[in-house]
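The basis for the numbers below is simple: all heavy atoms, side chains too, and nothing from hydrogens, waters or symmetry mates. Letters A, B, ... mirror the listed sequences (proteins, then strands); counts begin at 1.
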Protein chains: 4
Amino acid sequence: MPIVVDKERKRAEILEAAMLVFASKGFHRAKMEEVAAAARIGKGTIYEYFTSKPQLLQALHGHMLGKLKDYYSEKLKGIEEPPEILGHFLAAALASFREWEPFFYVFCDVWAEAGRAEQQNLLRMQLREAYQSSIDDLTRVVEAGVAGGFFRCEQPRLAAEHILACVDGLALHWLYDPDAFDLEEMTGSLTRTVLRSLS
Amino acid sequence: MPIVVDKERKRAEILEAAMLVFASKGFHRAKMEEVAAAARIGKGTIYEYFTSKPQLLQALHGHMLGKLKDYYSEKLKGIEEPPEILGHFLAAALASFREWEPFFYVFCDVWAEAGRAEQQNLLRMQLREAYQSSIDDLTRVVEAGVAGGFFRCEQPRLAAEHILACVDGLALHWLYDPDAFDLEEMTGSLTRTVLRSLS
Amino acid sequence: MPIVVDKERKRAEILEAAMLVFASKGFHRAKMEEVAAAARIGKGTIYEYFTSKPQLLQALHGHMLGKLKDYYSEKLKGIEEPPEILGHFLAAALASFREWEPFFYVFCDVWAEAGRAEQQNLLRMQLREAYQSSIDDLTRVVEAGVAGGFFRCEQPRLAAEHILACVDGLALHWLYDPDAFDLEEMTGSLTRTVLRSLS
Amino acid sequence: MPIVVDKERKRAEILEAAMLVFASKGFHRAKMEEVAAAARIGKGTIYEYFTSKPQLLQALHGHMLGKLKDYYSEKLKGIEEPPEILGHFLAAALASFREWEPFFYVFCDVWAEAGRAEQQNLLRMQLREAYQSSIDDLTRVVEAGVAGGFFRCEQPRLAAEHILACVDGLALHWLYDPDAFDLEEMTGSLTRTVLRSLS
DNA sequence: GATGAATGAGAATTCATTCAT
DNA sequence: CATGAATGAATTCTCATTCAT
């Protein structure tokens, strides 16, 4: 089914274009026309793939979540021991600040958009689910670590929350002040702190 | 004889109105007219106090930072021992999620706006300075704790970063999913984790 | 397949509409919406062809200069003898007061707008060039008349200035007081005076 | 009645301020507040002396006409012979281009404003009367010249029209292109042409 | 399916004017 | 009288979206 593949590819191209444009100009300042230009298609064509600008952002968000998931899968492939998983996760997370910087700018737009509850607010639901899912994954790692005798932790889910919150908070801080701290140094420091707090 | 007006008070009233309106509708969806209505003044009057909508957001951000500072001063008044300071700080921080919820919504707008560098981008600079200042304060607490024999910590500044990042990340998560965790439980858990990581 | 439009024709239609609207209400009192309505298009469409209201005026000015040029070319076609050229020119000029009355109203707006130097002030430059060009043309006629033994004139350029200034001044006066003088009578009188001053 | 004198003086000060502001920014771009600032009074005070912005322009126009009249009276004082009067008038007129440059900018605004007939349009009537009056004066000079045997002229009023139109046209041209011609040279040339055309 | 010309709802901002002091 | 804080009508310009081709 080559036509379907083609459609899928074009959709992805639009999303990539949207990401770059939204990241550099901000969701509200970016024009659909600019996204179209970046995707090398006509303005009207976007509407063949997405119903509206907010929906495009939501789709982009979903797309980004998927790419992040792939990124982590890749980085954590074959790693078995919970402490190691955590270490690699943190390293991957902090490394992503630089590698996926545009993502984080778009995330800020998502946060700003998802904030106010509206007609269903799919964006907010999507955000929530993504968070839940991440916490779930991380909680499982911590639990596995406890089960395997690596960690000691009475409330694994709360610990997972701490870890993820820390990563998000650092991302935000780093985004607005890349000189605030050294990413490599921070990776080491954070890993040590997290592992120590679980021992 | 010209009408005498407390310009400072009126300015503050507009800022309070802007905060509520921006928080509930989002910066971009909110109209200046709505802010004016909320402040019970005419549309044009806002421009006697602020030069533009973005500048109003920036001023609001500064206003909010000031109020948060006062809030923390109040909550930490008279507390001397570093571990206690940290505990009260964390309690105050998590309590502020609920108490100052509108602030956090506006912060999301600020993050989205501050992201893209424009004419100087005062917003970004203001954000950066506020962050630096918070980190400085927290670092000093950790250092005092080390000096007083309460804590052990080789890189107080990085520890301060961890703590602040964690708070911010939790705020964000809680904002979009108030059921994600119980605030009181989290306060205890976070305090324990932080204090343990410094012992 | 995109809609094919004769952009040039549409542009001209907007300019014609703008001329009528500006002429009847004045540049500053006319709304873009009125121009659009007169051109039977949507408000936003004007901005597909012109970047701003002042730019529309400038474009209109250029358009009018072109039409005036065509008008004179037409009126003077095939006339060879310098005295005859001058006579026909003056007749055409005074006749244009009535025929192109809207033009002159718009010229008043142009004069008022072009006055103050701003970002380059294309309007002023355009005005200057048009004037220069007219003076050049008229000077050449006078010179040809001198060369052909029809006229005696030591400073043809200054003479050309007199003639053109006289026409413009009369236009202005007639515009605000059509009863000030009889156009036909004035045409004869002016022609006689000009020709006598060159003999 | 010192109070009345004071009122009159203040009114004149506002008019002088308005002239400078209107001349430099244009009637429509100038703000009442700027006029007030230039007159060193409060914004509201203008309305104690003038009922509206258009009325201020109209009053200013009247004020300027008066000053011009005084200027010419002064320049032509004691001159009796019609040819000399004409010569001095033309010299004064062209000299005024430089000396009273702001006047001419404001005149452009007046032309643009007076153009469209509205509720009575006092401005237009004022303009017309001023023109009539000038033509009358000039006609009388020509007639006196004819009577005195200095000139030969069958239609003195039309001749007066030519002269005045020429001056106005030159003013306009010079205003937008001060390099178009040399004022002194033009004065001589114009005087010679005018006197010759009347001989 | 793709396009981009056309659209008009919508919002920020301006500024002449008013009027309480 | 003079003032300048307050106002809101008015207008430009933007841009997401539509739809004829």
Side-chain angles (χ1 to χ4, degrees), chain A residues 3 6-7 10 27-37 39-56, chain B residues 1-7 10 14 28-37 39-56, chain C residues 1-7 10 14 28-37 39-56, chain D residues 3 6-7 10 27-37 39-56:
Chain A
I3 293 165
D6 219 41
K7 264 244 162 192
K10 200 158 202 170
F27 175 67
H28 281 284
R29 284 173 169 54
K31 302 180 210 166
M32 289 300 262
E33 194 163 9
E34 292 172 320
V35 173
R40 299 163 167 281
I41 57 171
K43 202 180 352 162
T45 309
I46 295 182
Y47 291 87
E48 300 284 331
Y49 296 84
F50 305 95
T51 60
S52 70
K53 200 184 180 194
Q55 199 263 312
L56 173 59
Chain B
M1 234 121 297
I3 302 163
V4 177
V5 174
D6 188 338
K7 282 231 160 198
K10 198 152 203 171
I14 296 173
H28 281 284
R29 284 174 169 56
K31 298 183 235 171
M32 288 302 260
E33 198 161 7
E34 293 171 323
V35 174
R40 298 163 166 281
I41 57 173
K43 183 163 33 107
T45 308
I46 297 182
Y47 291 89
E48 299 283 329
Y49 295 83
F50 306 95
T51 59
S52 69
K53 201 184 178 193
Q55 199 262 314
L56 174 59
Chain C
M1 233 122 298
I3 302 162
V4 177
V5 174
D6 188 340
K7 282 233 159 196
K10 197 151 204 172
I14 295 173
H28 280 285
R29 282 174 170 55
K31 297 183 237 172
M32 290 301 262
E33 197 161 9
E34 292 172 322
V35 174
R40 296 162 167 283
I41 57 173
K43 180 165 34 110
T45 308
I46 296 182
Y47 292 89
E48 298 284 328
Y49 294 84
F50 305 95
T51 58
S52 69
K53 201 185 178 192
Q55 200 263 315
L56 173 59
Chain D
I3 292 164
D6 219 41
K7 264 244 162 193
K10 199 156 202 172
F27 175 65
H28 280 285
R29 283 173 170 55
K31 302 179 210 166
M32 290 300 263
E33 193 163 9
E34 293 171 320
V35 174
R40 298 161 168 282
I41 57 171
K43 202 181 348 165
T45 309
I46 296 182
Y47 291 87
E48 300 284 332
Y49 296 83
F50 306 95
T51 60
S52 70
K53 200 186 180 192
Q55 198 263 313
L56 173 59

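Of the possible donor and acceptor atoms, none in the side chain of K31(B) sits under 3.5 Å from a partner among the backbone N and O of A36(B). Proximity of a side-chain donor or acceptor of K7(A) to a complementary backbone N or O of Y49(A) within less than 3.5 Å is not detected.
Atoms CD1 (I14(B)) and C1' (dA5(F)) sit 11 Å apart, rounded to a whole Å. When the P atom of dT14(E) is taken as reference, atom CD of E34(D) falls 13 Å away, rounded to whole Å. The distance from atom CD of Q55(A) to atom C1' of dT17(F) is 14 Å, rounded to the nearest whole Å.
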Query raised in the report: For every nucleotide of nucleotides 7-14 of chain F, 5' to 3': is a protein heavy atom under 4.0 Å from its base (B), only from its sugar-phosphate (S), or from neither (-)?
Result: BBBBSSBB
Report task. Convert the base pairs of DNA chain E into dot-bracket notation, remembering that pairs crossing earlier ones are written with [ ] and that bases paired across to another strand are shown as |; include only Watson-Crick or G-U pairs under 3.5 Å. Result -> .||||||||||||||||||||
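Applying the side-chain contact (heavy atoms from CB on, under 4.5 Å) criterion to T51(B), with sequence neighbours excluded, gives Q55(B).
Heavy atoms only, all atoms of each residue included: V35(B) and I14(B) are closest at CG1-O, 4.3 Å.
In this structure, E34(D) places its CD atom where more than 12 heavy-atom neighbours from other residues, nucleotides or ligands lie under 6.0 Å away.
Among the heavy atoms of the strands lying under 4.0 Å from Y49(D) are primed sugar atoms or P, OP1, OP2 only; no base atom is included.
Summarising the geometry, atom CD1 belonging to I46(A) is positioned 9.0 Å from atom CD belonging to E33(A); distances are rounded to the nearest 0.5 Å. With rounding to the nearest 0.5 angstrom, the NE2 atom of H28(C) is 6.5 Å from the NZ atom of K53(C).
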